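Atoms within a ligand are numbered from 1 in the order they appear, just like the ligands themselves. Just so you know, these numbers come straight off a predicted model, no measurement behind them.
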Amino acid sequence: MLVTTKELLLDAQKKNYAVGAFNINNMEIIQAIIGAAEELNSPVILQASQGGIKYAGIEYIAALGKAAAQKAKVPVALHLDHGTDFDQIVLCIRNGFTSVMIDGSKYPFEENVAITKKVVEIAHAVGVSVEAELGKIGGTEDDITVDERDATMTDPEEARRFVEETGVDSLAIAIGTAHGVYKGEPKLDFERLKAIREVVEVPLVLHGSSGVPSESLEKAIALGICKVNIDTDIRAAFARGVKEFVAENPDEIDPRKILGPAREAMKEVIKDKIKIFGSVGRA
Ligand code: 13P
């Protein structure tokens with residue numbers, strides 16, 4: 001069943017759990033995500049990043065995501081991750097995405113408000129949910145790189161004003177996570193999260209969640225994170241699955257045999273995440 005992120009995240013917020021948002025690039029990843037969610041009877045979010053769209057094309061990724069959602073026994077949202085271009089956002093909506101992110105975090109506050117407002121206006125007109133970002137999350141997510149020195153934590157008072165002025169449905173905040181592989185153990189600023197939660201009513205989103213210890217994720221969810229984004233950990237499972245299979249079966253040429261074990265490896269990782277997020281049985 002294809003749904004919006006707004007309805008998934010409002011339920012998560014009410015019941016104090018989080019919905020996993022997993023990045024999609026091909027059919028096997030989508031099947032791994034849906035398979036994991038169905039086994040655990042959990043809602044789930046399929047999200048396509050700039051790199052995913054460049055690799056597969058909006059039409060392909062949307063068609064795959066919609067087919068998966070319509071066939072799934074659990075509620076599934078199809079979301080654009082880190083949208084930066086107004087025209088692309090419109091195209092995603094036309095192609096059936098039920099949710100979009102407008103990432104204006106690289107702009108000064110007022111400009112971020114202005115572009116986010118514009119997206120909210122057109123998306124809400126057709127029942128599509130909108131996520132925005134305030135503060136700058138470090139690391140690399142496909143084409144978007146934020147240097148560690150440029151990463152800035154979200155200011156609670158700015159977050160309050162931002163949500164009020166834009167009317168967004170959810171807000172991605174910077175509290176110490178980064179996209180990609182961590183060098184050391186990430187330290188989350190829970191006090192900042194608490195302060196933001198106190199003044200912001202919409203569900204909060206955590207990016208760069210691969211490699212974050214499960215206790216930290218659980219604590220962040222208890223403090224109000226309702227959507228947790230995972231990409232890198234799925235990539236690692238995919239690569240591990242393919243490499244192990246090819247090492248053991250160097251003469252195999254059937255793509256289905258090579259990708260099948262990778263799909264299983266990704267599914268196991270995703271199931272572990274869903275359990276940490278507390279969304280088991282919430283479908
Ligand atoms: P990771 O690659 O660190 O899991 O981050 C994913 C993400 O936040 C996508 O927006």
Side-chain angles (χ1 to χ4, degrees), residues 5 8-9 18-26 29-30 32-33 36 44-56 61 65 77-85 88-89 92 97 99-106 129-148 151 153-154 168 170-188 193 203-214 216-217 220-221 225-240 265-266 268-274 276-277:
T5 49
L8 293 185
L9 299 187
V19 183
F22 302 100
N23 284 79
I24 57 173
N25 297 294
N26 65 13
I29 300 176
I30 293 176
I33 299 165
V44 79
I45 298 164
L46 303 175
Q47 59 182 15
S49 67
Q50 293 303 317
I53 288 172
K54 207 189 261 176
Y55 176 74
I61 214 78
L78 181 58
H79 174 74
L80 169 67
D81 187 28
H82 292 286
T84 50
D85 175 61
Q88 185 196 51
I89 286 173
C92 283
F97 281 60
S99 175
V100 291
M101 175 181 188
I102 169 69
D103 178 0
S105 62
K106 66 176 178 206
S129 317
V130 181
E131 173 183 330
E133 177 174 322
L134 189 67
K136 272 195 217 121
I137 296 158
T140 300
E141 176 66 26
D142 286 330
D143 297 354
I144 302 171
T145 297
V146 176
D147 193 89
E148 248 173 61
M153 299 270 198
T154 308
V168 280
S170 63
L171 184 69
I173 54 170
I175 54 166
T177 56
H179 294 112
V181 179
Y182 288 100
K183 289 190 200 94
E185 188 174 301
K187 294 260 174 298
L188 272 58
L193 169 56
L204 300 175
V205 181
L206 191 67
H207 282 243
S209 310
S210 293
V212 176
S214 54
S216 297
L217 290 176
I221 293 163
I225 291 292
C226 303
K227 173 175 179 272
V228 181
N229 287 9
I230 299 281
D231 187 1
T232 301
D233 282 346
I234 302 180
R235 295 181 185 198
F238 178 87
R240 184 166 32 82
M266 292 188 284
E268 288 312 309
V269 166
I270 294 161
K271 274 168 66 181
D272 287 345
K273 300 291 179 194
I274 288 176
I276 296 167
F277 302 161

| task | Determine the sole option in His179, Glu141, Gln47 for which the side chain to side chain donor-acceptor pair (under 3.5 Å) test with His82 is passed. | result |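 Testing each of His179, Glu141, Gln47 against His82, the sole residue satisfying side chain to side chain donor-acceptor pair (under 3.5 Å) is His179.
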
| request: Could you tell me how the ring of Phe22 sits relative to the ring of Phe277: parallel (under 30°), tilted (30 to 60°) or perpendicular (over 60°)? | output: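 Because their plane-to-plane angle is under 30°, the rings of Phe22 and Phe277 count as parallel.
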
| request: Might you work through the side-chain contact (heavy atoms from CB on, under 4.5 Å) test for Leu217 and Ser209, ending with a clear yes or no? | output: CA-CA 8 Å; Leu217 290 176; Ser209 310; 4.1 Å; yes

| Ile33, Ile45, Ile234 screened by side chain to side chain contact (heavy atoms under 4.5 Å, CB included) with Ile24, the one that passes |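 Between Ile24 and the candidates, side chain to side chain contact (heavy atoms under 4.5 Å, CB included) is satisfied uniquely by Ile33.
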
| query | Would you call Lys227-Asp81 a salt bridge at under 4.0 Å N-O? | reply | no

| Hey, which residues fall under 4.0 Å of ligand 1 on heavy atoms? |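 Asn23, Gln47, Asp81, His82, Glu141, Ala178, His179, Gly180, His207, Gly208, Ser209, Ser210, Asn229, Ile230, Asp231, Thr232.
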
| task | Test Ile175 against Leu206 for side-chain contact (heavy atoms from CB on, under 4.5 Å), laying out the working first. | result | CA-CA 8 Å; Ile175 54 166; Leu206 191 67; 3.8 Å; yes

